[in-house]
Amino acid sequence: MNDLFTKEPHKPLAEALRPTLLADVIGQQHLIGAGKPLRMAIEAQVPHSMMLWGPPGVGKTTLARILANAFDADFIPLSAVLSGVKDIREAVERAHATLQRSGRRTILFVDEVHRFNKSQQDAFLPFVESGLLTFIGATTENPSFEVNAALLSRAQVYVLAPLNKDELLALFERARQQGALDGLSFDDDARDALANYADGDARRLLNLLEQTRTAALARKVGRIDTAFLGEVLSVNARRFDKGGDAFYDQISALHKSVRGSNPDAALYWLTRMLDGGADARYLARRIVRMAWEDIGLADPRAMQIANDAAATYERLGSPEGELALGQAVIYLAIAAKSNAGYKAYNAARAFVAQDNSRPVPVHLRNAPTRLMKELGYGHDYRYAHDEPHAYAAGETYMPEGLEAMRWYEPVPRGLESKIADKLAFLRELDAQANIKKQD
């Protein structure tokens, strides 16, 4: 036979160093350590369907393969990107044949399972339910949103964490011990830089290491330092998914840092998102929202600064306009906080949504025609500017039969502390006017 059809492709370093035993896995000790769920499942020889949820390069596929070996199960890998219902049917037929021929279980591993549509996910259900298939799904997306509830209820969800720096350095050392560096030596700063560049992703670390090794061999360099890494590596941005959990987690962290009055944390999350490729216009819109939701009337300047920052970014673009966004989040973080307006709006909105359509009181209606005046429109309306304190004490503005509401209750911070004093004064005038009406 022609050698073209017998030669194996060159394995990337990440594949060549993939662990085959649970003891060799680096990271995820909360799942595979002593007394932890995956180790206990192997020790008890009781496989179960599961969902492995975590970012890229943290060992989802590796764990699935190790579990299959540990349970002596037939392992059928599918990629939801490339597979369809036909592939699922073929997997089911193979599982049936394996069970009849040898009595062995089958583990069906579906990578990127969130990319399967509802009908594709439903195709697993009867066979997972019957026990013919032990299902292991891997996903980088929140399974609560991306996986059918029926499938999710039949699978235990395990959350995998990014590898920390010590774990990445341990992986680097393993690669060195297994001869993957071809005699190259790395200084400590270069090792640390590679671990930082990997950003919790084991596969990425090994790919960067392979890039470095190739460049070093080409340039006949034996000692690797950070300057060399800067020359030869094209390092992508930190982990950031513009439509996934990382995106929403980070915008949540930014918003909560502003709300929590921590300017440094707010700057950190803003710059993390910008560094990761977030749309700065989206961030500008969220910053404006923060000003209205969490600062409100306690410091109206926050709204002006947020809007000015958004306008400045539109004028200057990146990177100059990002400075305006940074200073806006600093100001919002240190500003006096109030959600009184936000709560009042939501309360009023909720009330109106469940209430009927009440007519406008006659005395508040406009009367541009003689007929309207004859019908009493605007009659007995009191012009506030003609009243003491420019306030028509005791006047009613709500529809007839609807009691006065107190949705807006200012907080004792910033400008709202003065608003609270004014409202208390006006409410006292109302109380006195209502007493006079009763007399």
Side-chain angles (χ1 to χ4, degrees), residues 11-20 22 24-32 38 51-66 77 79-81 109 111-115 136-143 146 158-176 178 180-181 186 189-215 224 226 229-230 232-250 253 268-269 271-278:
K11 286 185 178 181
L13 186 58
E15 184 62 31
L17 296 183
R18 186 188 295 277
T20 57
L22 199 65
D24 294 332
V25 175
I26 294 175
Q28 315 311 328
Q29 291 304 303
H30 63 295
L31 297 177
I32 64 173
L38 295 185
M51 201 74 63
L52 302 177
W53 172 28
V58 296
K60 297 186 292 295
T61 302
T62 295
L63 283 177
R65 290 182 179 276
I66 288 173
S79 169
V81 177
F109 173 68
D111 196 18
E112 303 290 338
V113 65
H114 60 274
R115 294 184 181 271
I136 301 180
T139 179
T140 56
E141 302 294 333
N142 189 332
E146 303 295 340
Y158 295 117
V159 181
L160 280 70
L163 273 65
N164 61 38
K165 187 174 181 179
D166 288 340
E167 290 166 344
L168 289 168
L169 291 176
L171 180 59
F172 178 96
E173 180 61 19
R174 178 176 295 172
R176 186 190 64 77
Q178 296 189 14
L181 305 189
F186 286 70
D189 288 344
R191 282 192 319 135
D192 289 348
L194 274 178
N196 290 334
Y197 291 156
D199 198 27
D201 185 331
R203 185 187 303 110
R204 190 178 191 187
L205 174 70
L206 295 175
N207 288 342
L208 290 171
L209 192 54
E210 196 162 27
Q211 268 185 267
T212 303
R213 182 182 65 182
T214 300
I224 307 300
T226 54
L229 293 179
V232 302
L233 293 184
S234 175
V235 181
N236 297 324
R238 258 61 64 198
R239 184 179 298 109
F240 188 83
D241 181 354
K242 296 180 185 179
D245 277 357
F247 176 88
Y248 293 108
D249 288 346
Q250 290 180 30
Y268 171 80
W269 292 113
T271 53
R272 268 286 300 276
M273 295 189 78
L274 289 170
D275 177 73

Considering only heavy atoms from C-beta outward, does the side chain of [X] approach that of [Y] to under 4.5 Å?
X: Asp192; Y: Lys165; answer: yes
X: Lys60; Y: Val58; answer: yes
X: Leu163; Y: Gln28; answer: yes
X: Leu38; Y: Ile66; answer: no
X: His114; Y: Asn142; answer: no
X: Pro162; Y: Asp199; answer: no
X: Leu17; Y: Arg174; answer: no

If you round to the nearest 0.5 Å, how far is [atom2] of [Y] from [atom1] of [X]?
X: Tyr197; Y: Asn207; atom1: OH; atom2: CG; value: 16.0 Å
X: Thr226; Y: Leu233; atom1: OG1; atom2: CG; value: 11.0 Å
X: Ile32; Y: Tyr158; atom1: CD1; atom2: OH; value: 13.0 Å
X: Leu205; Y: Asn196; atom1: CG; atom2: CG; value: 10.5 Å
X: Leu168; Y: Ile26; atom1: CG; atom2: CD1; value: 8.5 Å
X: Thr139; Y: Arg115; atom1: OG1; atom2: CZ; value: 9.0 Å

**Study point:** Flag, side chain of Trp53 to backbone of Glu141, donor-acceptor distance under 3.5 Å
**Key:**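 Side chain of Trp53 to backbone of Glu141, a donor-acceptor pair under 3.5 Å: yes, one is there.
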
Practice item. Could you check Arg213 against Leu181 for side-chain contact (heavy atoms from CB on, under 4.5 Å), going step by step and ending with a plain yes or no? Key: CA-CA 6 Å; Arg213 182 182 65 182; Leu181 305 189; 5.8 Å; no

Practice item. Taking side chain to side chain contact (heavy atoms under 4.5 Å, CB included) as the test, write out the residues that go with Thr214, two or more places apart. Key: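 Counting only residues at least two positions away or on another chain, Thr214 forms no side chain to side chain contact (heavy atoms under 4.5 Å, CB included).
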
Exercise for review: Using the side chain to side chain contact (heavy atoms under 4.5 Å, CB included) rule, pick out the option among Leu208, Leu206, Asp189 that qualifies with Leu194.
Suggested key: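 Answer to the side chain to side chain contact (heavy atoms under 4.5 Å, CB included) test with Leu194 among Leu208, Leu206, Asp189: Leu208.
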
For [X] against [Y], the heavy-atom pair lying closest together:
X: Gln211; Y: Val232; answer: NE2-O, 4.1 Å
X: Ala190; Y: Leu229; answer: O-CD1, 3.5 Å
X: Gly57; Y: Arg203; answer: N-NH1, 3.5 Å
X: Gly27; Y: Glu167; answer: CA-OE2, 3.4 Å
X: Glu210; Y: Leu13; answer: OE1-N, 3.2 Å
X: Arg191; Y: Phe186; answer: CG-CB, 3.8 Å

